[in-house]
Amino acid sequence: GNLSDMAREQFYWKEPGVPYEPQAVVPPGGRGEDGKVLPPPDSFLLMLLFPKRVDYLRLGDNFRQIDEIDENDVFKPERVNP
């Protein structure tokens, strides 16, 4: 799918978790002057994850579910106390 311009701008933010420095100019929408999408910066990393266990917590209604992969590589959900 396509990313929103605001999501793409985050690729150009400064490193998180370090002492604050004013933000350098972020390309509006992650686009160049011609309006085309810029290539991601060198600091961008795309990772493909294969989770074996997912612990899902929804704070709005205190719903919690743990999904784990069984011996057949199928996720089995189990609702648990939050």
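FYI, side chains are in, hydrogens and waters are out, and symmetry mates aren't considered; it's all heavy atoms of this structure. All values reported here derive from a predicted model rather than from experimental measurement.
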Run the side-chain donor-acceptor check on residues 26-34: report pairs under 3.5 Å with partners two or more places apart or on a different chain.
{"residue": "R31", "atom": "NE", "partner": "D5", "partner atom": "OD1", "Å": "3.1"}
{"residue": "R31", "atom": "NH1", "partner": "G35", "partner atom": "O", "Å": "3.0"}
{"residue": "R31", "atom": "NH2", "partner": "D5", "partner atom": "OD1", "Å": "3.2"}
{"residue": "D34", "atom": "OD1", "partner": "K36", "partner atom": "N", "Å": "3.0"}

Original post:
When clusters are formed by joining ILVMFWY residues with side-chain heavy atoms under 4.5 Å apart, either directly or through shared neighbours, do F63 and V54 land in the same one?
Top reply: no
Original post:
Mind checking whether L45 and L49 sit in one hydrophobic cluster, side chains of I, L, V, M, F, W, Y counted as touching below 4.5 Å?
Top reply: yes
Nearest 0.5 Å please: distance from the [atom1] atom of [X] over to the [atom2] atom of [Y].
X: D67; Y: K52; atom1: CG; atom2: NZ; result: 14.5 Å
X: F50; Y: I69; atom1: CZ; atom2: CD1; result: 10.0 Å
X: N62; Y: L57; atom1: CG; atom2: CG; result: 7.0 Å

Only pairs under 3.5 Å count here: list side-chain donor-acceptor contacts from residues 10-22, not counting sequence neighbours, and write none if there are none.
{"residue": "Y12", "atom": "OH", "partner": "P39", "partner atom": "O", "Å": "2.8"}

**OP:** Run the salt-bridge test on K76 and E68 with the 4.0 Å N-O cut-off and return the result as yes or no.
**Re:** no
Original post:
So, for P77 and F75, which heavy atoms are closest and what is the spacing to 0.1 Å?
Top reply: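 Shortest heavy-atom separation between P77 and F75 comes out as CD-O, 3.7 Å.
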Subject >> Residues forming a side-chain hydrogen bond (donor to acceptor under 3.5 Å, both in side chains) with D61, sequence neighbours excluded >> reply: R58
**OP:** State whether the side chain of R64 and the backbone N or O of V80 hold a donor-acceptor pair below 3.5 Å, judged by distance alone.
**Re:** no
**OP:** Could you tell me whether a side-chain N or O of N72 sits under 3.5 Å from a main-chain N or O of V74, the two making a donor and an acceptor?
**Re:** no
